[in-house]
Amino acid sequence: MTNHLFDAFRARIPAPDRVLMETDDGRSISYGDMLAWSGQFAHALVGVGVQPGDRVAAQVEKTPEAVLLYLACLRAGAVFLPLNTAYTLPELDYFFRDAEPRLVVCDPQKAPAVQPLAASVGAETLTLGRDGRGTLADRAAQQRTDFQDAARGPDDLAAILYTSGTTGRSKGAMLSHENLASNARVLTEHWRFGADDVLIHALPIFHTHGLFVATNVVLMAGARMLFEQKFDPGRVISLLPRATALMGVPTFYVRLLQQDSLTKDATRAMRLFISGSAPLLAETHNAWRERTGHAILERYGMTETNMNTSNPYDGERRAGTVGFPLPGVSLRIAEPESGKPLAQGEIGMIEVKGPNVFAGYWRMPEKTKAEFRDDGFFITGDLGLIDADGYVHIVGRGKDLIISGGYNVYPNEIESEIDALAGVAESAVIGVAHPDFGEGVTAIVVRKPGSAVSAADIAGAIAGRLAKYKHPKQVIFVAELPRNTMGKVQKNVLRDAYKDIYAAGKAG
Ligand code: MCA
Ligand code: AMP
């Protein structure tokens with residue numbers, strides 16, 4: 001019996017005593033430990049009734065045990081559903097209702113509030129804390145270490161990751177074993193990862209970047225990771241001499257550049273710095289090269305597609321571009337409305353096809369259909385062009401999306417919350433250039449006549465409903481919103497009017 005993705009990882013294990021993870025609190029987990037403990041975790045999942053195809057939702061802190069839970073889900077044939085630790089109870093409630101998990105794993109402190117939500121959809125709740133302890137770990141500790149992996153083929157689901165839509169509800173992107181395996185294999189080769197690599201892993205593990213790009217590549221290479229609970233620029237610099245590679249969002253690089261201890265000497269042992277999830281400013285790329293002598297390698301992906309393009313390992317890493325389509329990925333620029341392919345150099349919709357592209361949105365066949373062309377290309381919603389040398393440039397977004405510190409924020413979701421307040425007539429949420437987060441979430445609000453609703457009222461209403469990173473960094477009140485002749489709010493006019501509010505030295 002084969003288990004498509006886990007067998008691929010298993011085949012790359014260099015030796016059982018080789019280290020897979022070193023944590024910031026001094027723990028060291030070998031590949032042999034990973035095999036034994038993920039087997040115990042898999043037994044624990046089966047013990048609470050998890051069967052192949054069942055969803056296992058996890059809102060847990062970043063610990064080695066959280067990685068074991070992910071691997072245990074693969075081995076048990078379950079569908080892993082990681083959730084951002086910042087999500088609030090109303091957000092969780094939606095995901096549980098939509099995905100109908102068999103099991104929910106959460107922090108012990110959150111369990112009293114989460115358990116009733118899980119129970120309302122018939123899910124069991126187990127806990128896993130910041131210290132790696134909890135009812136899941138307790139149950140796992142009593143299990144045998146050998147586990148007969150569930151048979152899973154290339155097209156079976158490995159994970160569902162939720163991604164918000166520009167309109168309407170969040171959508172669960174269904175990722176198959178082969179989606180993840182093919183991308184991990186391609187990235188490992190393209191970026192030349194091998195058993196001697198040591199990756200600084202300081203990303204969260206509930207989104208594609210930290211889970212599938214960083215963790216899967218390490219597993220596929222039989223490499224090691226320095227597993228940091230959260231990103232701390234000083235710590236990362238202190239780890240550089242022991243590492244060979246770093247993966248980060250642009251905010252990582254901006255914050256690292258603020259450290260005087262970031263020097264050529266400090267980065268001498270490193271072979272690769274990779275950036276993605278949001279545009280890396282050419283300014284940051286150039287400053288990094290000047291300070292360290294390394295050219296950051298920028299790549300481009302999406303939750304639905306994993307990684308699509310990458311700058312070259314050997315050739316020129318061109319600032320402001322996301323490089324070339326990865327091997328096996330077809331990428332074209334098309335006319336957004338008709339899907340007609342455009343000539344080289346023209347700006348249009350980026351569309352992709354390949355083994356990396358997801359299987360569709362969970363229980364949303366109509367939405368899935370709407371985002372694919374008839375010939376199978378996925379419509380990314382990103383606008384771009386291919387230059388004369390074949391480099392892909394992302395020049396804008398066809399979707400109303402803000403990316404703040406690498407997290408996607410959908411204005412529609414925040415506008416709905418603000419508009420629901422009694423004193424608010426209407427609102428527009430926009431992304432404004434921000435020196436730290438890339439874009440700062442900003443709310444432009446029109447009060448109802450006679451209303452005195454304040455920025456604090458808005459913050460108070462959103463708290464507890466939306467994850468913190470979605471909260472507006474500034475709220476600006478205006479008499480009316482600019483509209484075009486069709487009556488549509490002109491967000492470009494607003495973005496232009498407020499483009500300097502976060503300029504260095506200003507509040508926010
Ligand atoms: C934290 N805050 C944020 C963000 N993160 N606000 C806006 N945007 C954010 N990204 C809030 C905190 O709640 C806090 O609020 C305040 O901002 C400052 O917190 P700070 O300590 O500065 O933040 P941090 O904890 O240091 O986090 C910043 C971070 C983190 C390290 C950049 O956001 C991060 O790890 N981002 C990576 C996200 C990621 O992995 N994205 C990949 C998605 P207060 O002070 O009021 O409490 S996958 C993807 O996009 C695709 C597939 C791809 O291509 O990779
Ligand atoms: P997510 O929904 O978290 O998967 O975010 C995917 C989106 O992030 C893409 O559709 C792009 O808009 C954006 N993105 C990812 N990598 C890059 C990059 N290197 N440059 C610009 N945008 C990026």
Side-chain angles (χ1 to χ4, degrees), residues 62 82 84-86 161-166 170-171 173 175 183 187 201-215 228-236 247-256 258 274-282 284-285 296-311 317 319-323 349-352 356 358 371 378-384 392-410 431 434 436-442 459 462-463 466-473 502 508:
K62 183 177 176 184
N84 194 319
T85 47
L161 264 61
Y162 275 84
T163 159
S164 300
T166 40
S170 274
K171 299 167 288 186
L175 296 152
N183 214 234
L187 296 176
H201 191 312
L203 288 157
I205 52 168
F206 37 67
H207 291 306
T208 297
H209 199 163
L211 188 61
F212 301 143
V213 188
T215 308
E228 297 288 292
Q229 263 230 331
K230 64 174 294 205
F231 173 72
D232 173 334
R235 273 267 324 155
V236 167
M247 293 183 192
V249 295
T251 301
F252 280 21
Y253 293 101
V254 168
R255 291 187 182 181
L256 286 166
Q258 288 162 359
I274 302 175
S275 176
S277 306
L280 182 78
L281 295 180
T284 310
H285 182 100
I296 297 173
L297 182 154
E298 185 170 6
R299 57 54 172 187
Y300 157 61
M302 283 182 80
T303 300
E304 288 93 331
T305 64
N306 297 290
M307 299 305 102
N308 294 312
T309 74
S310 170
N311 267 280
R317 298 177 194 163
T321 83
V322 292
M349 181 63 70
I350 299 178
E351 301 185 351
V352 294
N356 54 314
F358 74 138
E371 303 211 14
F378 174 66
I379 306 165
T380 63
D382 292 310
L383 300 175
V392 177
H393 299 234
I394 298 176
V395 300
R397 294 181 201 131
K399 49 194 173 191
D400 192 13
L401 160 71
I402 301 168
I403 305 183
S404 169
Y407 285 137
N408 287 11
V409 179
Y410 284 85
H434 190 287
D436 186 31
F437 290 123
E439 290 180 275
V441 176
T442 307
I462 290 177
L466 297 178
K468 195 78 183 271
Y469 66 86
K470 300 178 185 174
H471 296 193
K473 301 274 176 218
Y502 299 113

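As the structure lists them, so they are numbered: ligands from 1, and atoms in each ligand from 1. We count residues from 1, following the sequence as given.
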Answer yes when Arg397 and Glu439 have at least one side-chain N-carboxylate O distance shorter than 4.0 Å, and no when they do not. yes
Counting heavy atoms only, which of Phe252, Phe212, Tyr407 is nearest atom 33 (O) of ligand 1? Tyr407
Decide whether an N or O pair under 3.5 Å exists between His207 and ligand 1. no
Any idea which atoms of ligand 2 are less than 4.0 Å away from a heavy-atom of Pro279? 20 (N), 21 (C), 22 (N)
Taking distance alone, with N or O pairs closer than 3.5 Å, would you say Asp382 contacts ligand 2? yes
Is the ring centre of Tyr469 less than 6.0 Å from the ring centre of Phe437? no
Which of these, Arg397, Glu298, Arg299, has its nearest heavy atom closest to atom 20 (N) of ligand 2? Glu298
May I ask which of Thr380, Asn311, Ile274, Asn408 has a heavy atom nearer to atom 3 (O) of ligand 2 than the others do? Asn408
Are any of the N/O atoms on Arg299, whether in the backbone or the side chain, positioned under 3.5 angstrom from an N/O atom of ligand 1? yes
Would you mind telling me if ligand 2 is within reach of the side chain of Ser275, the backbone, both or neither, using heavy atoms under 4.0 Å? neither
For ligand 1, is there an N or O atom under 3.5 Å from any N or O atom of Ser277? yes
Could you list which atoms of ligand 1 come closer than 4.0 Å to a heavy atom of Leu203? 40 (O)
Heavy atom to atom 15 (C) of ligand 2, shortest distance: which of Gly396, Gly301, Gly276 holds it? Gly301
Restricting to heavy atoms, the pick from His209, Glu439, Arg255 nearest atom 20 (P) of ligand 1 would be Arg255
Please confirm whether Lys473 approaches ligand 1 to less than 4.0 Å, judged on its heavy atoms. yes
Counting only nitrogen or oxygen atoms and a 3.5 angstrom limit, does Tyr300 reach ligand 2? no
If you measure from each non-hydrogen atom of Leu280 to ligand 2, which part falls under 4.0 Å: side chain, backbone, both or neither? neither
Does an N or O from Tyr410, backbone or side chain, lie closer than 3.5 Å to an N or O of ligand 2? no
Where on His471 is there a heavy atom closer than 4.0 Å to ligand 1, on the side chain, on the backbone, on both, or on neither? neither
State if Pro204 counts as touching ligand 1 under the rule of any non-hydrogen atom under 4.0 Å. yes
If we number the atoms of ligand 2 from 1 as shown, the ones under 4.0 Å from a heavy atom of Thr303 are 1 (P), 2 (O), 3 (O), 4 (O)
Under 4.0 Å from a heavy atom of Met302: which atoms of ligand 2 are those, numbered in the order shown and with their elements? 4 (O), 6 (C), 9 (C), 10 (O)
Would you say Gly406 and ligand 1 have an N/O pair spaced under 3.5 Å apart? yes
